[in-house]
Chemist: 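Can you keep this structure in mind? I'll have questions shortly.
On a predicted model such as this, the values are computed, not experimentally measured, just so you know.
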Amino acid sequence: MASQREAIIFIHGFYLGRDRNYFIDSLSTGFTEVLETPRVEEVGEAKIAGYAGKKFKVYLDLENIKEVDVYDAYWNDLISQPLSSSNLKNQVFRGIYMLFYWLITRDLFALKNSPPLLIGLGISLLLWIFWFYGVIALALVALGQEPNLLGFSISEDWSKQISAFGKQMTNWSAWLIVSGLFSFVPINMIADIADFSTRYLEENPEGKILKAKIRKKVAETLNAVIESGLYDRITVLGHSFGNVIATDVLADYQQKFQVRYISMGSSLKVFSSKSKQIEEEIKKCFNNQQIETWIDFYSNQDWLCTKTPIPEGCNSMKFIYKKIKIPFSLLNQLTGKSHDHYFMNEEVLKTCLNFKNHS
């Protein structure tokens with residue numbers, strides 16, 4: 001018999017450029033508008049000590065109704081100033097650093113087994129190069145008015161020549177054509193996501209502090225829900241980069257209460273190819289007895305994700321792959337819109353609600 005009260009801890013990806021409630025509202029809309037069976041109704045606010053979430057009633061049949069409370073483990077307020085809004089000097093030097101950081105990646109060729117992801121990463125790289133080209137051009141132009149822009153002095157003659165070259169860069173026909181083609185793509189957001197991901201992965205004090213702050217904030221939400229003692233089952237639901245954070249939190253999870261882990265649109269393969277620590281965290285989750293099952297949703301129409309890798313020597317018995325079809329055009333796949341479609345997929349939504357034995 002189904003549990004009568006369940007909780008979902010939702011760990012989202014990046015909100016950059018979106019409303020604070022965008023993803024939790026997307027999930028709510030999926031529950032109440034997409035699903036016909038079971039019928040789901042949003043009935044107000046769920047409250048525990050220090051936290052509030054959304055409360056839903058799930059009508060399993062005429063006699064069985066259960067409550068599912070969803071808590072948004074929001075962490076985007078810990079993101080510092082976006083790279084795209086910082087000064088040109090910082091954008092130039094940070095851009096050069098990121099280029100070398102991502103080009104020197106161990107096991108990069110392992111991604112060849114995931115063609116959609118490889119295509120998506122290739123497009124993202126081209127867009128990032130397009131952004132960086134624009135930054136370099138603007139910086140060169142600005143040197144004409146501010147010779148000390150980059151932190152060292154340049155002679156007036158050199159600064160004028162460099163500035164003139166920067167203006168030529170922005171007037172090249174190829175640049176103008178590409179600018180028109182990509183005018184609908186959020187270039188700055190791609191640069192900001194790349195910058196944050198790099199800071200998160202770096203094994204330096206800044207990276208470790210950032211990870212610790214995000215882990216602490218998300219873990220506090222999970223612990224508060226568990227310690228409330230109100231729930232028969234708890235699910236940790238991750239989307240996009242939220243899966244990297246969820247995996248970090250659950251790797252060392254040792255509460256007596258077992259949890260389910262559902263990952264949607266995971267980028268763990270990309271980040272584990274760059275970070276040995278993330279690879280180890282994935283292994284810990286597979287071998288953690290307090291994670292009762294791990295369900296991984298992915299789609300070949302989502303060019304920003306791939307299947308979560310199963311490391312050697314791990315217990316894969318509790319791991320379930322679920323491939324879904326996303327009915328999006330090539331353009332929507334190219335622009336990344338298909339990456340958010342999990343919130344509107346019937347199979348995903350039913351799995352989140354633990355609705356079994358129904359088609």
Side-chain angles (χ1 to χ4, degrees), residues 6-32 34 42 45-46 51-56 68-80 82 186 189-190 192-197 199-201 210-211 213-225 234-251 253 259-268 270-271 278 281 285 294-299 302 304-306 308 324 326 336-345 348-349 351-353:
E6 300 182 10
I8 297 174
I9 311 300
F10 176 47
I11 307 174
H12 53 78
F14 295 100
Y15 273 86
L16 296 174
R18 291 185 171 116
D19 179 75
R20 161 70 173 78
N21 296 314
Y22 173 80
F23 286 117
I24 191 70
D25 287 344
S26 296
L27 183 61
S28 301
T29 301
F31 285 153
T32 59
V34 173
E42 187 175 344
E45 193 174 58
Y51 296 90
K54 291 192 173 190
K55 182 180 291 294
F56 298 88
V68 177
D69 298 339
V70 181
Y71 296 92
D72 186 3
Y74 186 76
W75 57 270
N76 268 216
D77 54 340
L78 297 176
I79 297 178
S80 58
M189 186 172 74
I190 291 172
D192 292 337
I193 290 174
D195 177 57
F196 174 83
S197 301
R199 294 182 188 280
Y200 184 91
L201 292 173
L210 178 62
K211 284 189 71 173
K213 284 182 177 179
I214 294 175
R215 183 192 309 117
K216 181 176 182 291
K217 187 163 189 178
V218 173
E220 284 175 349
T221 305
L222 173 60
N223 291 335
V225 171
I234 294 173
T235 297
V236 174
L237 174 65
H239 175 248
S240 192
F241 191 82
N243 293 303
V244 177
I245 297 170
T247 301
D248 180 28
V249 171
L250 293 177
Y253 174 77
V259 298
R260 265 194 328 161
Y261 181 14
I262 299 177
S263 49
M264 310 183 297
S266 170
S267 51
L268 283 167
V270 176
F271 292 109
I278 291 179
E281 289 167 354
C285 284
W294 183 349
I295 303 170
D296 185 54
F297 284 98
Y298 72 99
S299 174
D302 178 6
L304 299 177
C305 89
T306 187
T308 294
I324 64 171
I326 297 178
K337 291 183 179 180
S338 56
H339 192 52
D340 292 347
H341 187 70
Y342 299 90
F343 301 106
M344 299 296 149
N345 181 271
V348 173
L349 296 168
T351 302
C352 291
L353 295 173

Chemist: What's the spacing between F196 CZ and L201 CG if we round to 0.5 Å?
Modeler: 9.0 Å

Chemist: Hey, are E281 and R215 close enough for a salt bridge, meaning a charged N less than 4.0 Å from a carboxylate O?
Modeler: no

Chemist: Would you give the length of the straight line joining atom CD1 of I245 to atom CD1 of I11, rounded to the nearest 0.5 angstrom?
Modeler: 7.0 Å

Chemist: Kindly write out the residues that satisfy side-chain hydrogen bond (donor to acceptor under 3.5 Å, both in side chains) with R199, not counting sequence neighbours, or none if the list is empty.
Modeler: D195, E206

Chemist: Determine the sole option in Y342, F343, W75, F241 for which the ring-ring contact (aromatic ring centres under 6.0 Å, His included) test with H12 is passed.
Modeler: W75

Chemist: Shortest non-hydrogen contact from M264 to N243?
Modeler: O-ND2, 3.0 Å

Chemist: Are the side chains of F56 and I8 in touch, meaning some heavy atoms are under 4.5 Å apart?
Modeler: no

Chemist: Please tell me whether Y261 and T247 have a donor and an acceptor in their side chains that are separated by less than 3.5 angstrom.
Modeler: yes

Chemist: Sequence neighbours left out, what passes side chain to side chain contact (heavy atoms under 4.5 Å, CB included) with T221? Give chain and number order.
Modeler: I9, Y51, Y71, A73

Chemist: Just so I know, are the side chains of V244 and L268 near enough to count as touching, which here means a heavy-atom distance under 4.5 Å?
Modeler: yes

Chemist: Could you grab the distance from atom OG of S240 to atom CG of D302, nearest 0.5 Å is fine?
Modeler: 8.0 Å

Chemist: Taking only residues two or more places apart in sequence or in another chain, which ones pass salt bridge (Lys or Arg N to Asp or Glu O under 4.0 Å) with K217?
Modeler: D77

Chemist: To the nearest 0.5 angstrom, please state how far the OH atom of Y200 sits from the OG atom of S197.
Modeler: 10.0 Å

Chemist: According to side-chain hydrogen bond (donor to acceptor under 3.5 Å, both in side chains), who are the partners of S26, at least two apart in sequence or on a separate chain?
Modeler: none

Chemist: How many angstroms lie between atom CG of D19 and atom CD1 of I24, to the nearest 0.5 angstrom?
Modeler: 12.0 Å

Chemist: Among all residues two or more places apart in sequence or in another chain, which pass the side-chain hydrogen bond (donor to acceptor under 3.5 Å, both in side chains) test with K337?
Modeler: none

Chemist: Are L27 and L349 close enough that some pair of their side-chain heavy atoms sits under 4.5 Å apart?
Modeler: yes

Chemist: Between F297 and T351, is any pair of side-chain heavy atoms under 4.5 Å apart?
Modeler: yes

Chemist: Got a sec, which residues hit side-chain hydrogen bond (donor to acceptor under 3.5 Å, both in side chains) with Y74, two or more places apart in sequence or on another chain?
Modeler: none

